[in-house]
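Heads up, the thing below is written out as structure tokens.
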Amino acid sequence: EVRAVTGYPPAQRFDGPPVTGQELPLDSVGEAVIEEAIVGFGPDVILTHHLYAATFRDLLAAYPIPVVRLHYHGPRPDADLVVHISGWVARNAGALPGDMILTPPAFDDCVAGAHGDAIGFIKPIPHKGVELVYRLARGFTDRRFLILRGEWQDLEIIRRRRNVRFMQPVDQMASFYAECRLLLVPSMSEDAGTVAQEATLNGLPCISSSVGGLVETNAGGILLDPCDVGAWSRAIRRLDDQAFYEATVKSQREALDALGHDDRLAELSDRIAGL
């Protein structure tokens, strides 16, 4: 049984053990919610991550319960088990020998049954490389660009163009990928880059920046300097060659399989059981 205490409404339905969702303010009210969950629920282990792990560190330390922390970025945290979301994160954090690396896997519920002709991009915010996408749209006036809006809409840079369409946030990513022929991920920084794996599961080529965790999650795809617009333009044109298109998809699939998600998830389960 799992009890989930979250600081924001869950973005997806959870297909696992029973879950209780609850909004969690970052203050004394939030501390009371956590305390009630720990005392009332009596967990064998606490799985936490990122912002909340740091905010409520002292509170969690007051209970003799093992803590597993999923680590996104920054210095290595204190926990009974630290799970870094990419090798890049682990190296920059100063990982210790007992730490794990588990890149967040993409799941089959993002897979569309068919695909369209759009050049896809997700989250039009600065660090995701949205300006490069608009420059490409200006150069490829005969191509259709589809931009999926995200949850940080107050940070978005929206530029209206005849060949650019914006899609509102969706519950099922498959509805976005159903309209795409390829995916652009020109991020200036990325701790992991799960969308590169989603493109792979959909059989779509992914052109991504050669930064951070994308070097791992898009290892078989096309990795480029996020500032070299000419290189991105040439890559898009190369994918008009169906043989190159299919070879890229095949390479991505092989690289995704090499990440060994099933083995890593099984190892994490065993490690948690042994705490």
Side-chain angles (χ1 to χ4, degrees), residues 1-107 127 150-152 154-155 189-194 212-213 216-217 259-275:
E1 187 179 357
V2 175
R3 176 169 296 182
V5 183
T6 175
Y8 42 83
Q12 294 177 274
R13 181 171 57 87
F14 181 74
D15 294 321
V19 168
T20 299
Q22 186 165 0
E23 290 200 18
L24 178 63
L26 297 176
D27 54 21
S28 59
V29 176
E31 290 190 5
V33 171
I34 292 179
E35 203 159 20
E36 186 280 328
I38 294 174
V39 174
F41 184 55
D44 298 307
V45 65
I46 296 171
L47 175 65
T48 185
H49 70 92
H50 205 40
L51 178 63
Y52 299 108
T55 303
F56 301 115
R57 180 187 298 111
D58 293 341
L59 177 62
L60 297 178
Y63 296 92
I65 302 170
V67 174
V68 178
R69 178 164 171 179
L70 303 180
H71 181 226
Y72 288 19
H73 59 253
R76 182 188 181 278
D78 293 326
D80 295 279
L81 174 60
V82 176
V83 183
H84 305 278
I85 65 168
S86 69
W88 180 83
V89 167
R91 289 189 296 275
N92 283 275
L96 298 179
D99 294 353
M100 280 188 64
I101 296 173
L102 172 58
T103 304
F107 296 100
H127 92 268
E151 69 272 26
W152 299 326
D154 57 326
L155 299 178
S189 64
E190 203 71 64
D191 299 321
T194 305
E216 300 160 54
T217 55
L259 287 175
H261 282 130
D262 289 345
D263 291 341
R264 298 285 77 74
L265 287 168
E267 179 186 350
L268 176 59
S269 180
D270 291 343
R271 294 282 299 274
I272 290 175
L275 291 175

Practice prompt. Not counting sequence neighbours, list each pair that qualifies as a salt bridge (Lys or Arg N to Asp or Glu O under 4.0 Å) and has a residue in residues 77-86.
Written response: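 Qualifying pairs, neighbours excluded: none.
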
Worksheet item: Is the side chain of T48 donor-acceptor paired with the backbone N or O of R69 at a distance under 3.5 Å, no angle test?
Response: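 Such a contact is absent between T48 side chain and R69 backbone.
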
Item to complete: Verify, without hydrogens or angle tests, whether H84 (side chain) and W88 (backbone) share a donor-acceptor contact under 3.5 angstrom.
Response: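 Answer holds: no.
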
Residue pair [X] / [Y], side-chain heavy-atom distance below 4.5 Å:
X	Y	answer
L81	V67	no
V83	I101	no
T217	T103	yes
V82	L96	no

With a 3.5 Å cut-off and sequence neighbours excluded, list the donor-acceptor pairs that the side chains of residues 265-275 form with protein atoms.
{"from": "E267", "atom 1": "OE1", "to": "R264", "atom 2": "NE", "distance (Å)": "3.2"}
{"from": "E267", "atom 1": "OE1", "to": "R264", "atom 2": "NH2", "distance (Å)": "3.3"}
{"from": "R271", "atom 1": "NH2", "to": "G98", "atom 2": "O", "distance (Å)": "2.6"}

Atom [atom1] of [X] and atom [atom2] of [Y]: how far apart are they, to the nearest 0.5 Å?
X	Y	atom1	atom2	result
Y72	I85	OH	CD1	6.0 Å
I46	I65	CD1	CD1	4.5 Å
S86	E190	OG	CD	10.0 Å
D58	E31	CG	CD	8.5 Å
L102	L259	CG	CG	9.5 Å

Ignoring hydrogens, what is the shortest heavy-atom contact between [X] and [Y]? Give both atom names and the distance.
X	Y	value
Y63	V39	OH-CG2, 3.9 Å
A192	P104	CB-CD, 4.2 Å
D99	A95	OD2-CA, 3.4 Å
A93	G74	CB-O, 3.3 Å

Worksheet entry | Which residues share a side-chain hydrogen bond (donor to acceptor under 3.5 Å, both in side chains) with H261, sequence neighbours left out |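 Listed in chain order: Q197.
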
